[in-house]
Amino acid sequence: MGNFIFKNCGEISYGYSDDERLNNGLCYGFSTRNGGVSSGPLDSLNLGVNRPDKRENLIENYRRFCMAVGIDYHDVVLPKQVHSSVITAVTAKDRGKRLIAPSDLPDCDGFITADVGVALGIFYADCTPVLLFDTRVKCLCLVHCGWRGTVRGFAETGVITMINDFNCRPKDIHAVIGPCIGSCHFEVGEEVKDEFDKAVLSGYIKNGKKEGKFFADLKGANREYLLRAGVDEENITVSGDCTYCMKDKYFSHRACGADTGRMAVIAKIK
Ligand SMILES: [Zn+2]
């Protein structure tokens, strides 16, 4: 099991795993909200292209963050996320789409590639970002899991897509589950608890203080789906950070309101 740690590059700080096999094959980072140029609720490193941010701010934020991580922001492709179970395969011909160029890609919540010419990005602000990398085949997949995606096993869908479409083997896959809202703060109602129970994830939901309220563990549930898909426990790194608890470090939809910014995970095969 790797440790989720941070690296500072000037005003930008990004999270990553200390898993060396992963770091040998990949440039990647999970952003925080600090070190950017956006203001108001988007203060300051907003990376959400669906936010009401000035275009020049967004581009400058991506330029700064990508430079810190070691990626050229012109190479980044971004999705239109819709809480789907769709993963889109992309290649170098898709670089820049939805950041510096229009996109003809289908709406989706995950990207997959084996092409060194494109950098993948997804964004989030309480939802769970999951990075998957096969160190043998050198196939990269990013998925964005809200609670619905989590109980639908979207993280496992990522692994299955890697196996079916890129000849990956689960034992070669290394995973990072990034910062998201923790079980300390993700309070949900009966309807979410029912879905957790149906997905045999009852161990990842506990009673809240109020009647009919519960606390759900998104990171634990996503990790569970990776294990079910055959990923080795040793190869999974989980961030300990709760975006709600740490709202000075992260944008949090629940802690900061609906108009808050978005973090991103950006990754590119070396
Ligand atoms: Zn919390």
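All residue numbers refer to positions in the sequence shown, counting from 1.
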Inset, instruction - Check the pair Ser38, Asp53 against side-chain hydrogen bond (donor to acceptor under 3.5 Å, both in side chains), reporting the backbone distance first and the verdict last. - result: CA-CA 7 Å; Ser38 302; Asp53 206 349; 2.6 Å; yes
Inset, instruction - Would you mind reporting whether Ile266 and Leu120 have side-chain heavy atoms less than 4.5 Å apart? - result: no
Legend entry - Test item: Arg223 and Glu233 side chains (from C-beta on) under 4.5 Å apart, heavy atoms: yes
Legend entry - Flag side-chain contact, heavy atom, 4.5 Å: Arg228 against Val200: yes
Legend entry - Short N-O contact, Arg169 and Asp134, less than 4.0 angstrom: no
Inset, instruction - Find the distance between CG (Asn207) and NZ (Lys213) and round it off to the nearest 0.5 Å. - result: 13.0 Å
Legend entry - Side-chain H-bond candidate by donor/acceptor type, Asn23 with Tyr16, under 3.5 Å: no
Inset, instruction - Would you indicate whether the side-chain heavy atoms of Lys171 and Asp232 approach each other to under 4.5 Å? - result: no
Legend entry - Ion pair Arg63/Glu60, N-O distance below 4.0 Å: yes
Inset, instruction - May I have all residue pairs that pass side-chain hydrogen bond (donor to acceptor under 3.5 Å, both in side chains) and include part of residues 251-266, sequence neighbours excluded? - result: Asp126-Ser252
Legend entry - Other cluster members, Leu42 - Ile/Leu/Val/Met/Phe/Trp/Tyr, side-chain contacts below 4.5 Å: none
Inset, instruction - Drop me the distance from Tyr62's OH to Asn57's CG, to the nearest 0.5 angstrom. - result: 13.5 Å
Inset, instruction - If you link ILVMFWY side chains whenever their heavy atoms are less than 4.5 Å apart, which other residues fall into the same cluster as Leu226? By chain and number, please. - result: Ile87, Ile112, Val130, Leu132, Val143, Phe154, Val159, Met162, Ile163, Phe166, Ile173, Ile177, Leu227, Val231, Ile236, Val238
Inset, instruction - Using a strict 4.0 Å threshold on nitrogen-to-oxygen distance, state whether Asp43 and Arg33 make a salt bridge. - result: no
Inset, instruction - Find out whether Leu22 and Ser17 are in side-chain contact, i.e. whether some heavy atom of one side chain is under 4.5 Å from a heavy atom of the other. - result: yes
Legend entry - Whether Phe30 and Tyr28 hold their rings parallel, tilted or perpendicular, with breakpoints at 30° and 60°: perpendicular
Inset, instruction - Mind checking the CD1-SG spacing from Ile71 to Cys27? Nearest 0.5 Å is all I need. - result: 5.5 Å
Inset, instruction - Please indicate whether Lys54 has more than 12 foreign heavy atoms, meaning atoms of other residues, nucleotides or ligands, lying under 6.0 Å from its NZ. - result: no
Legend entry - Side-chain H-bond candidate by donor/acceptor type, Ser202 with Asp197, under 3.5 Å: yes
Inset, instruction - Measure the CG-OG1 distance between Leu105 and Thr88 for me, rounded to the nearest 0.5 Å. - result: 6.0 Å
Legend entry - Arg148 atom CZ, neighbour heavy-atom count above 12 within 6.0 Å: no
Inset, instruction - Applying side chain to side chain donor-acceptor pair (under 3.5 Å), name anything that partners Lys198, two or more places apart in sequence or on another chain. - result: Glu195
Inset, instruction - Run through the side-chain heavy atoms of Ile, Leu, Val, Met, Phe, Trp and Tyr, join any pair under 4.5 Å, and report what else lands in Ile160's cluster. - result: none
Inset, instruction - Mind checking the CG-CG spacing from Leu78 to Leu58? Nearest 0.5 Å is all I need. - result: 8.0 Å
Inset, instruction - Would you mind listing the cluster partners of Val192? Hydrophobic ones only (ILVMFWY), side-chain contacts under 4.5 Å, chaining allowed. - result: Trp147, Val151, Ile181, Phe186, Val188, Phe196, Leu201, Tyr204, Ile205, Phe214, Leu218, Tyr225, Tyr244
Legend entry - Option from Val176, Asp18, Asp19 for which side chain to side chain contact (heavy atoms under 4.5 Å, CB included) with Phe4 holds: Val176
Inset, instruction - Determine yes or no for a side-chain-to-main-chain donor-acceptor pair under 3.5 angstrom, with Ser183 supplying the side chain and Ala216 the backbone. - result: no
Legend entry - Under-4.0 Å salt bridge between Asp75 and Arg95: yes
